[in-house]
There are 2 protein chains.
Amino acid sequence: MKDVGHCPLQCEKINSVLSRIGDRWSILVMIALKGRQVMRFNELKRHLGITQRMLSLTLRELERDGLVNRTAYATVPPTVEYELTDLGQSFAETIGVMGEWAVEHLAEIDRARAEYDRRNAA
Amino acid sequence: MKDVGHCPLQCEKINSVLSRIGDRWSILVMIALKGRQVMRFNELKRHLGITQRMLSLTLRELERDGLVNRTAYATVPPTVEYELTDLGQSFAETIGVMGEWAVEHLAEIDRARAEYDRRNAA
DNA sequence: CAGTATCCTTTACGATACTG
DNA sequence: CAGTATCGTAAAGGATACTG
C-alpha cells in the first residue's frame with residue numbers, strides 16, 4: 001500500500017499487517033489451522049472451499065511471513081503438512097478476539113444495515 | 001463472498017465481518033476516529049491520505065453498518081462531523097488488540113520474510 | 001466544505017489444464 | 001497428492017472534473 005500520511009505509529013503497523021494478511025483467505029486459513037493443529041493441502045482446500053491456486057499462493061505468503069510451517073514428506077504421492085508457527089499461533093489468538101466480537105455483535109450490524117437501507121429506500 | 005464450505009460458526013462470522021470492514025480504509029478510518037473522537041470529512045481525508053471517493057464510500061458503509069455516526073450542520077459551506085458509535089467504539093477496541101500485536105511482532109514477520117527470501121534466492 | 005460522476009488501471013480471484 | 005501455468009473476469013481503488 002502507499003503512504004498513509006499523518007497516521008500515528010500504531011496505525012502504520014496495523015496497515016503493514018493488513019497489507020500482509022488483509023485478504024480473506026489468509027485469515028481463514030489461519031483459523032482452520034488454529035482449530036485443527038495440522039492439515040494437509042487438499043484437506044485445507046476441501047475445508048475452506050478455496051481454489052488450488054489461491055490456497056497455494058496464500059500458504060506460500062503465510063510461510064514467508066513466518067506464520068505457518070510447511071513440512072513435506074518424500075512419499076509417493078507427496079504428503080505436505082501445514083501448521084501454525086508460534087508466531088502464527090499468537091496472531092491467531094488476536095484473530096480469535098475479533099471472532100468473538102463478530103459472534104457477539106454481527107446481529108447489531110445487520111440490524112443497523114437493515115434500518116439504514118429502510119431509511120434510504122427510494 | 002461465497003460459501004465458505006465446512007468452516008465452523010466463528011469462521012463464518014469472522015468472514016462476514018471481514019467482508020464488511022476487511023478493506024484497509026475502513027479500519028484506518030476507525031482508528032483515526034478512535035483517537036480523535038470527532039473529525040470532519042476533509043480532516044479525515046488529509047489525515048489518512050485517502051482520496052475523496054474512497055473516503056466517501058468508506059464512511060457511507062461504516063455509517064450503514066452502524067459503526068460511525070454522521071452529523072451534518074446546515075452551515076455554508078457545509079460542516080459534517082463523523083464519530084464512532086458505541087458499536088464502532090467497541091469494534092475499535094478489538095482492532096486495538098490487533099494493533100498491539102502488530103507493534104509487538106511486525107519485526108518478527110519482517111525477519112521471517114527476509115530469511116525466506118534469502119533461502120529462496122535463485 | 002463535502003461530496004458525486006466518470007474514466008481508467010491495477011489487483012484479486014476463479015476456472016481450467018497440466019506435472020513431478 | 002500437491003502443486004504450477006495460463007487465461008479471463010470482476011472488483012478495488014486512484015485521478016480528475018464537476019456541484020450544491
Side-chain angles (χ1 to χ4, degrees), chain A residues 1-5 7 15-16 18-29 32-33 36 38-65 68-83 116 120 122, chain B residues 1-5 7 15-16 18-29 32-33 36 38-65 68-83 116 120 122:
Chain A
M1 207 187 175
K2 57 172 272 192
D3 187 32
V4 275
C7 262
N15 202 23
S16 296
L18 287 174
S19 297
R20 282 168 167 121
I21 48 74
D23 66 294
R24 242 62 72 259
W25 289 127
S26 295
I27 289 186
L28 294 179
V29 165
L33 291 175
R36 296 287 308 283
V38 159
M39 287 178 89
R40 298 180 57 179
F41 186 88
N42 276 319
E43 193 182 358
L44 273 167
K45 181 172 172 298
R46 279 189 303 273
H47 185 75
L48 296 171
I50 186 178
T51 59
Q52 270 183 327
R53 183 182 126 84
M54 287 315 295
L55 181 55
S56 180
L57 293 174
T58 301
L59 284 171
R60 191 180 315 153
E61 279 309 299
L62 289 175
E63 189 196 355
R64 182 169 179 240
D65 288 343
V68 316
N69 238 321
R70 176 185 185 275
T71 314
Y73 300 97
T75 57
V76 187
T79 303
V80 182
E81 289 182 344
Y82 293 92
E83 64 191 327
Y116 181 96
N120 296 58
Chain B
M1 208 192 171
K2 56 172 274 194
D3 188 32
V4 274
C7 262
N15 202 23
S16 295
L18 287 175
S19 297
R20 283 167 165 120
I21 50 74
D23 66 293
R24 239 65 71 253
W25 290 127
S26 295
I27 290 185
L28 293 180
V29 165
L33 291 176
R36 296 289 307 283
V38 159
M39 288 177 89
R40 297 179 59 177
F41 186 89
N42 277 319
E43 192 180 358
L44 274 166
K45 180 172 173 298
R46 279 188 305 271
H47 185 74
L48 296 171
I50 187 177
T51 58
Q52 269 182 328
R53 182 183 127 84
M54 288 315 296
L55 181 55
S56 179
L57 293 175
T58 301
L59 285 171
R60 191 180 313 149
E61 279 308 300
L62 290 175
E63 188 197 356
R64 182 169 179 240
D65 288 344
V68 316
N69 239 322
R70 176 184 185 277
T71 313
Y73 301 97
T75 56
V76 189
T79 303
V80 182
E81 289 182 344
Y82 292 92
E83 64 191 327
Y116 181 96
N120 295 58

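Letters A, B, ... mirror the listed sequences (proteins, then strands); counts begin at 1.
Atom CZ of A/Phe41 and atom C1' of D/dT4 are 10 Å apart (whole Å). Rounded to an integer number of Å, the gap from CG of A/Asn42 to P of D/dC1 is 5 Å. The interatomic distance linking A/Glu43 (CD) with D/dG3 (C1') rounds to 17 Å, in whole Å. Rounded to a whole Å, the CG atom of B/Leu55 is 8 Å from the P atom of C/dG3. We find that NZ of B/Lys45 is positioned 12 Å from P of C/dG3, with the value rounded to whole Å. Protein atom CZ of A/Arg24 is 11 Å distant from nucleotide atom C1' of C/dC13, rounded to whole Å. When rounded to the nearest whole Å, the span between CD1 of B/Ile50 and P of D/dG14 equals 7 Å. Computed from coordinates, the A/Asn15 CG to D/dG13 C1' distance equals 14 Å when rounded to whole Å.
The distance from the NZ atom of B/Lys45 to the CE atom of B/Met39 is 12.5 Å, given to the nearest 0.5 Å. One finds the CG atom of A/Leu44 at 9.5 Å from the CZ atom of A/Arg46 (value rounded to the nearest 0.5 Å).
Near DNA chain C, meaning a heavy atom under 4.0 Å from it, residues 56-65 of chain B has B/Ser56, B/Arg60 in order of number. Proximity of residues 69-83 of chain B to DNA chain D (heavy atom under 4.0 angstrom from any strand atom) is restricted to B/Pro78.
The backbone N or O of A/Ser26 lies less than 3.5 Å from a partner atom in the side chain of A/Asp23, making a donor-acceptor pair.
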In a table with atom names and distances, give each donor-acceptor pair under 3.5 Å that connects a side chain of residues 69-82 of chain A to protein atoms at least two apart or in another chain.
residue	atom	partner	partner atom	Å
A/Arg70	NE	A/Tyr82	OH	3.3
A/Tyr73	OH	A/Glu81	OE1	3.4
A/Thr75	OG1	A/Pro77	O	2.8
A/Thr75	OG1	A/Thr79	N	3.2
A/Thr75	OG1	A/Thr79	OG1	2.9

Donor-acceptor list for residues 48-61 of chain B side chains, cut-off 3.5 Å, not counting sequence neighbours:
residue	atom	partner	partner atom	Å
B/Thr51	OG1	B/Met54	N	3.3
B/Thr58	OG1	B/Met54	O	2.6

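Scored by the salt bridge (Lys or Arg N to Asp or Glu O under 4.0 Å) test, A/Glu43 finds A/Arg36 as partners (sequence neighbours excluded).
Minimum heavy-atom separation, B/Ala32 to B/His47: CB-CD2, 3.8 Å.
Put simply, the side chain of A/Ile27 does not reach to within 4.5 Å of the side chain of B/Asn15, judged on heavy atoms.
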>> Show me the dot-bracket string of DNA chain D, counting Watson-Crick or G-U pairs under 3.5 Å, with | for pairs to another strand and [ ] for crossing ones.
In response: ||||||||||||||||||||
Quick one: which protein N/O atoms are closer than 3.5 Å to N/O atoms of nucleotides 6-11 of chain C? Pair and distance per line, please.
none

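When distances are taken from the side chain of A/Trp25 to each of D/dA2, D/dA17, C/dG14, the shortest belongs to C/dG14.
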